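Below: one structure, written as structure tokens.
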Amino acid sequence: MIAKQKGMIDIYGDYAKNWQYVEDAIRSVFEKYNYDYIRTPILEATELFHRGVGDSTDIVTKETYDFIDRGDRNVTLRPEGTAGVVRAYIENKMYGDASQPKKLYYMGTMYRYERPQSGRLREFSQYGCEVIGTNDPAIDAEVISIPVNLFKLIGLKNVKVKINSLGDDETRKKYHDALKNYLEPYMNDLCEDCKNRFEKNPLRILDCKVDGEKDVIKSAPKIIDYLSDEAEERFNNVKMYLDAMAIDYEVDPNIVRGLDYYNHTVFEVVVDIKEMGNAAVLAGGGRYNKLVGELDGPEESAIGFAGGLDRLLLALQEADVKLNIKDELDAFIMYVSDSEKEYAVSLNQVLRLNGFRCDMEYMSRNLKGQFKQADRLKARFLIILNDEDIKEGNIKIKDNLTKEEKVVTEAELIDFLDMNM
Ligand code: HAM
């Protein structure tokens, strides 16, 4: 038997039903917020992620699925959605559209070569959005509110929003100097990666998977204490708009995020479920006002977030949230003889074209077995065919709840189902 790849899962059965339900809920929330759907390729030029996500991030240095295609191109399976959406925005000149900002949402498979564990996969699915073309702090609050509202609507409790500001260039410069001064005496105690990060991007030391939990890192200076006046005012405005939306949040100076493109607002939405451990971060995002320019586009400000669909499903399961999944059949068609079967095939076609969800017997079960199958499929009505009725243009229909039976014509059957479903 050939097994699936490590860190990848098959989605089927009840899990697949939950999956689709959650995807529909996500789509509906994004549409209420007036975001347009965008779908970009899973495979992109490797360079996009080196420049987009950042050369000093774990995602790019250790976790991408990179390979050379048959045309000798360096390509990468996307580890996240933002870089691809920004590339599409630039390549398709969306900045030229009259309607701005561009509010785009997406859902899709991402790949990271991580150590697989509960809630952390190598092939996983993200949903997210990017708003490109405005630096309005009210949009930061809007983007933060999307996962919060989604989780509320879907039935999750114990959801917390943590926000921080990474400030602007002036902030970053002041902070880098302070952080380097602080870390220098401890450099021998830190891992090789952190030694390299020290010159390249000291901020990355703070979310190192090896050193991140050490006291020396935890006590390091916090960027929020170095905000420039402008960055601080901006952050205050974001908080004001969050208050206006009655979104609860906590300022957490430890949130730096593992991707290089962020500045100003960064945030994470976490769920307080003990069993979730490391997988409790259901969504994260932030502002990235330089990335569009860095990817050779116009200097447009942007913000977005992404959430893990697999993690959201895990959280729903751990929190015992029952989803209102409708998987009942409208009708199940039963028969015995070959001629009844032929009519069953034609009736099934007619009913489906009229918008009903129906199925029929395909396993040559006897009638008793067909009744059981109809129950398994949660059929609301049973259509029980027999040759005599068919000859007279009649069909017997039984309500599987009330057990009432009646005989109707084909036209009456459609009206009857219309009225009852
Ligand atoms: P990220 O924090 O790397 O951000 O990922 C966002 C979410 O994807 C995480 O909070 C988590 O729920 C889920 N996730 C990440 N890695 C895995 C994994 N290996 N298995 C399962 N779920 C995972 C980004 O990707 C940014 N692009 C977000 C963003 C959009 N920032 C601005 N715009």
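Note that ligands are numbered from 1 as they come in the structure, with each ligand's atoms numbered from 1 the same way. Only a predicted model underlies this, so the values are computations on that prediction, with no experimental measurement involved. By convention here, the first residue in the shown sequence is residue 1.
- Between the side chain of Y261 and the backbone N or O of N289 there is no donor-acceptor pair closer than 3.5 Å.
- Within the structure, the closest approach of D310 to ligand 1 does not fall below 4.0 Å when heavy atoms are considered.
- The shortest N or O to N or O distance between Y106 and ligand 1 is not under 3.5 Å.
- Taking a 4.0 Å cut-off on heavy atoms, A283 registers as neighbouring ligand 1.
- Each of E130, Q126, R39 was checked for a side-chain hydrogen bond (donor to acceptor under 3.5 Å, both in side chains) with Y106, and the lone residue meeting it is E130.
- The ligand atoms of ligand 1 that sit less than 4.0 angstrom from a heavy atom of G285 are 31 (N).
- Counting heavy atoms under 4.0 Å from ligand 1, residue R120 touches it through both backbone and side chain.
- Contacts of R257 with ligand 1, taken as heavy-atom pairs under 4.0 Å, involve the side chain alone.
- Near E80, with a cut-off below 4.0 Å to any heavy atom, the atoms of ligand 1 are 25 (O), 26 (C), 27 (N).
- A side-chain N or O of E142 and one of Y35 form a donor-acceptor pair less than 3.5 Å apart.
- Residues E63 and Y113 bring no donor and acceptor atom of their side chains to less than 3.5 Å of each other.
- Residues satisfying the side chain to side chain contact (heavy atoms under 4.5 Å, CB included) test with M187, not counting sequence neighbours, are L183, L190, K195, F198.
- Near L121, with a cut-off below 4.0 Å to any heavy atom, the atoms of ligand 1 are 18 (C), 19 (N), 20 (N), 21 (C).
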**Message:** With salt bridge (Lys or Arg N to Asp or Glu O under 4.0 Å) as the criterion, how do D272 and K157 come out once you've worked through the C-alpha distance, each side chain's angles and the decisive distance to 0.1 Å?
**Reply:** CA-CA 8 Å; D272 205 0; K157 296 191 176 78; over 6 Å; no
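- At a threshold of 4.0 Å, the pair D359-R352 counts as salt-bridged, since one of the basic side-chain nitrogens sits closer than that to a carboxylate oxygen.
- Looking at V281 against ligand 1, both its backbone and its side chain come within 4.0 Å, counting heavy atoms.
- At a heavy-atom distance under 4.0 Å, only side-chain atoms of E130, from C-beta outward, approach ligand 1.
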**Item:** CA sep, side-chain torsions, deciding dist, call: T76, F67, side-chain contact (heavy atoms from CB on, under 4.5 Å)
**Value:** CA-CA 6 Å; T76 295; F67 57 96; over 6 Å; no
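- Among the atoms of L259, none of the N or O lies under 3.5 angstrom from an N or O of ligand 1.
- For ligand 1, the polar-atom distance check against F124 finds no nitrogen or oxygen pair separated by under 3.5 Å.
- G119 counts as a contact of ligand 1, since one of its heavy atoms falls under 4.0 Å from the ligand.
- Of the heavy atoms in Y261, only side-chain atoms (C-beta onward) come closer than 4.0 Å to ligand 1.
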